[in-house]
Amino acid sequence: MKKSAICFLLFTVISCTTLFAMKYILWAMFQWGGSRALVLALLFISIYVGSFIAVTKSWTPYQQYVSHNTLKWIWVLGIVQLTVLGILYHLLPQFFPAVIADFFFA
């Protein structure tokens with residue numbers, strides 16, 4: 001139970017962080033244009049990958065709670081979440097969740 005709670009907490013923190021980054025990228029795109037938003041997106045991607053590397057290197061004392069493989073899956077699910085939301089927003093906007101749309105554009 002403790003392992004599941006830690007995994008859920010990590011996934012929630014990573015998902016919320018990436019959603020706020022995505023919201024800021026959209027804001028930057030509307031304010032500054034696409035090229036600066038692309039640079040910001042690349043910066044956030046490097047922070048996302050760098051945080052994964054930093055956490056996996058410093059995770060050894062906590063490996064009894066969550067394994068490295070589980071950490072990889074948590075980060076992969078974060079990327080999948082952003083990919084699905086991006087596909088829904090750009091290719092199928094009629095299926096983009098209204099709650100998330102309110103979050104991004106409010």
S.K.: How would you list, by chain and number, every residue that makes a ring-ring contact (aromatic ring centres under 6.0 Å, His included) with F11, sequence neighbours excluded?
M.R.: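 Partners of F11 by the ring-ring contact (aromatic ring centres under 6.0 Å, His included) criterion come out as none, since no residue qualifies.
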S.K.: Heavy atoms only: give me the nearest A37-A28 pair and the separation to one decimal.
M.R.: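 Distance-wise, the nearest heavy atoms are CB-C, 4.2 Å.
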S.K.: Count I, L, V, M, F, W, Y as connected when their side-chain heavy atoms are under 4.5 Å apart, and connections chain through other members. Are L40 and F30 then in the same cluster?
M.R.: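 As far as the 4.5 Å side-chain criterion goes, F30 and L40 are not connected within one cluster.
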S.K.: Check Q81 against S15 and note the closest heavy-atom contact, atom names and distance.
M.R.: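 Nearest pair, atom of Q81 first, then S15: OE1-OG, 2.9 Å.
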S.K.: With F20, which residues qualify under ring-ring contact (aromatic ring centres under 6.0 Å, His included), at least two apart?
M.R.: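 Here the qualifying residues are F103.
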S.K.: Rounded to the nearest 0.5 Å, how far apart are CG of N69 and CD1 of I74?
M.R.: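 Output value for this atom pair is 10.5 Å.
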S.K.: Membership question, hydrophobic clusters at under 4.5 Å side-chain separation (ILVMFWY): are L42 and I47 in the same one?
M.R.: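 Each belongs to a different hydrophobic cluster.
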S.K.: For the CG atom of L82 and the CG atom of L77, what is their distance to the nearest 0.5 Å?
M.R.: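 It comes to 11.5 Å.
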S.K.: If I take atom CG from residue L43 and atom CG from residue L38, how far apart are they, to the nearest 0.5 angstrom?
M.R.: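 Atom-to-atom, L43:CG and L38:CG are 11.5 Å apart.
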S.K.: Just verifying a value: how many Å separate I14 CD1 and L9 CG, rounded to the nearest 0.5 Å?
M.R.: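 One finds 9.5 Å between CD1 of I14 and CG of L9.
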S.K.: Same cluster or not: V99 versus V84, using hydrophobic residues (I, L, V, M, F, W, Y) connected whenever any side-chain heavy atoms lie under 4.5 Å apart?
M.R.: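 Unlinked, V99 and V84 end up in two clusters.
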S.K.: Residues two or more places apart in sequence or in another chain: which of them pass ring-ring contact (aromatic ring centres under 6.0 Å, His included) with Y24?
M.R.: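 Listed in chain order: W27.
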S.K.: Start with the C-alpha gap between L26 and K23, add the side-chain angles, then the distance that decides, and say whether side-chain contact (heavy atoms from CB on, under 4.5 Å) holds.
M.R.: CA-CA 5 Å; L26 283 173; K23 180 177 181 169; 5.8 Å; no
S.K.: Looking at every heavy atom in both A41 and I25, which two are closest together, and how far apart are they?
M.R.: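 Closest heavy-atom pair between A41 and I25: CA-CD1, 3.6 Å.
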S.K.: Nearest 0.5 Å please: distance from the CH2 atom of W75 over to the CG atom of L10.
M.R.: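 One gets 6.5 Å once the value is rounded to the nearest 0.5 Å.
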S.K.: Using the rule given for side-chain contact (heavy atoms from CB on, under 4.5 Å), can you reason through M22 versus F44, listing the C-alpha separation, both sets of side-chain angles and the distance that settles it, and then say yes or no?
M.R.: CA-CA 9 Å; M22 192 174 178; F44 282 142; over 6 Å; no
